[in-house]
Amino acid sequence: MNLSVLDIFKIGIGPSSSHTMGPMNAARQFVLTLQTQGLLAQTTRLCSQLYGSLALTGRGHCTDQAVLLGLEGAAPDTIDPDLIEPSLARIRSTYKLHLLGSHEIAFNEPKDLQFHYSDSLPGHANGLRFIAFDAAGNELLRDEYYSIGGGFIVRAADHNTGTAVDTSPVVPLPFSNATELLARCRDFGLEMYQLVQRNERSWRSDTETRDALLKIWHTMEACIERGFRAEGLLHGSLALRRRAPRLYRQLQEAGGVSPMHAMDWLNVFAMSVNEENAAGGRVVTAPTNGAAGIVPAVLAYYRRFEPGASDDGIVRFLLVAGAIGMLYKINASISGAEMGCQGEVGVACSMAAGGLVAALNGTNEQIENAAEIGMEHNLGLTCDPVGGLVQIPCIERNAMGAVKALNAARLAIRGDGTHKVSLDQVIATMRQTGLDMKNIYKETSLGGLAVNVIEC
Ligand code: SF4
């Protein structure tokens, strides 16, 4: 399947691409299938079952809410975040669901939304099963899905079977790893962003791609701004206070005298996005929600601090960062439930590092070097969210990832692109490390900080 940069950068809602956006997409897809097969009108009961990581950290990641809203037809990119709470309150107080917004059925939450904490579906740690029944209790339709990271879903029947119908367009300059990507750039005399842009023409014109990427940036920018203004506690058992608004005020008042000024801004840009994500706000997957702060923070740094920063630079950044995200998606995974946090924050760091070098007009080899450094020093990073919430360590970790991405870009751009460890080698290492990692460190909240920090 060929990927577009707009598959990597998707406008959605927090707090999790794999645990919120993916399940919402899966629930909606199931009900759309009921409708397509002419079974919707006969449906009187619908049972949703969550497995593996979706059960273990689902409540903290709002998976239950996402499924209910998806059954009612909501989609992550169009749902109004302000309508989420009232919709859930209506469903839970009336004990009624409106499938696709119209077909009313009874809803008994303990029976119809099940968390299977001890079981997993065979193909992936994030599994969902949906079963529709008619009035006589006969099963009308049953289907299983996996939420495979970044909001992507796949039907279990199609997962790793090669039976899925590939409807993605053919691209003129395909690449499946970084070596091929660099070689194609060399062969055709293209900057990396130009190669990606040519492939994007299989989906839309250059003008449309540019407009879409600038919309992605403006959505990221708006998220940063909202996070600066929002005050108070984030929802959930940790009662965590938002820090971005205060940090922002401090930076405004301090002026630009400290040598660490730019780093302070990187921190606040990233934390602002991830506090908004934790609050269920409008964010962009980059490549996931848990790691959504790193690319916007480095882009905002570029806009604020790099002389000559421009919209063209932002487009170059996002084209290249998107291509780097594709390399991880093709050759490893961007799911914390499969790879630990190296697959989320590590990948985002790698994408942002390469993207920044592209924005600064570095060479293709320097881009590859920056992306490699960005991952090499995140290898082994575990996922152990306290209380199953995308808050600790996630919010601060995005600030650390953004700083690391900037450092990786600076190291690479001061070199000539030659280096020992290739991006392909580091991606393969991340994949192997993720496979070797114990499940307790893969978005289950059964190990690490999640068991050593007491919620209060
Ligand atoms: S620890 Fe990392 S991978 Fe896990 S939920 Fe937080 S950001 Fe996502």
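Both ligands and their constituent atoms are indexed starting at 1 by order of listing.
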Which protein N, O or S atoms lie under 2.8 Å from atom 4 (Fe) of ligand 1, given by chain and residue number?
Cys383 SG
What residues form a ring-ring contact (aromatic ring centres under 6.0 Å, His included) with Tyr301, not counting sequence neighbours?
Phe305
Option among Met192, Gln366, Arg316 that satisfies the side-chain contact (heavy atoms from CB on, under 4.5 Å) test with Val357
Gln366
So which of Arg282, Arg226, Arg229 actually passes salt bridge (charged side-chain N to carboxylate O under 4.0 Å, His left out) with Glu276?
Arg226
Listed once per pair and sorted, the ring pair (Phe, Tyr, Trp, His ring centres under 6.0 Å) pairs that draw on residues 364-391, sequence neighbours left out
none
List the residues meeting ring-ring contact (aromatic ring centres under 6.0 Å, His included) with His124, not counting sequence neighbours, and say none if there are none.
none
Out of Asp384, Leu240, Val453, which residue meets the side-chain contact (heavy atoms from CB on, under 4.5 Å) rule with Ile392?
Leu240
